[in-house]
Protein chains: 2
Amino acid sequence: MQRRKSQIQPANLKKKAIGFVVSEFRREAGFSQERLSADRGFERTYLSRVERGILNPTAIRLWTIANALNAPFHAMVNRMESWVAEQEKARHQR
Amino acid sequence: MQRRKSQIQPANLKKKAIGFVVSEFRREAGFSQERLSADRGFERTYLSRVERGILNPTAIRLWTIANALNAPFHAMVNRMESWVAEQEKARHQR
């Protein structure tokens, strides 16, 4: 019997998805890392680490970033899930 | 000029939204706090504090909880945003 656990993507892939999508949404909204960080009152290095998939932000911080980029949080999350699905599909095709 | 900042919901309301919706999704999926915690390898008291809006989980932890409840993460987030919108509407009507 296959356990449900095995269908859950590893945390590392999720972290990369978060970084990729935050960076993508930020650039689409025309914000620099400097401007977004200053607007929200956090360090640019913090944002840089989130975008590189090094740092795991809290849900509220991510939600606030989406708001600052005038994007619904669920749209950002939807894109993260698609990104993970694309990565997994590519992996299975290799 | 109204600043964009003022349109962003306070962190406390977001934290309550997260707690409310995690609890709602868990109960809809027919999971007890004990079962969900044990499945995902975290403490029941951790989950209890998230559900009471006391603790601010990481985005990955929340995503993993959604997966464990067989729900897309974006569906959970969508519900959180609706909950915040409902709360704000109710506040303006008072």
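Naming: A, B, ... by sequence-line order, numbering from 1 per chain.
To the nearest 0.5 Å, the span separating CD1 on B:Ile60 from CG on A:Leu13 amounts to 9.5 Å. Residue B:Trp63 holds its CH2 atom at 10.5 Å from CG of A:Asn56, rounded to the nearest 0.5 Å. In this structure, B:Lys14 NZ and A:Asn67 CG are separated by 4.5 Å, a value rounded to the nearest 0.5 Å.
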Contacts table for residues 47-55 of chain B: side-chain donor-acceptor under 3.5 angstrom, sequence neighbours left out:
from	atom 1	to	atom 2	distance (Å)
B:Ser48	OG	B:Arg52	NE	3.2
B:Ser48	OG	B:Arg52	NH2	3.2
B:Glu51	OE1	B:Arg26	NH2	3.0
B:Glu51	OE1	B:Gln33	NE2	2.9
B:Glu51	OE2	B:Arg26	NE	2.6
B:Arg52	NE	B:Ser48	O	3.4

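When the heavy atoms of residues 75-82 of chain B are compared with those of chain A, the residues falling under 4.5 Å are B:Val77, B:Asn78, B:Met80, B:Glu81, listed by number.
Across all their heavy atoms, B:Ala59 and A:Leu62 have their closest contact at CB-CD2, 3.6 Å.
Residues passing the side-chain contact (heavy atoms from CB on, under 4.5 Å) test with B:Glu43 are B:Thr45, B:Tyr46, sequence neighbours excluded.
Residue pairs meeting the salt bridge (charged side-chain N to carboxylate O under 4.0 Å, His left out) criterion with at least one partner in residues 53-68 of chain A, sequence neighbours excluded, do not occur; the list is empty.
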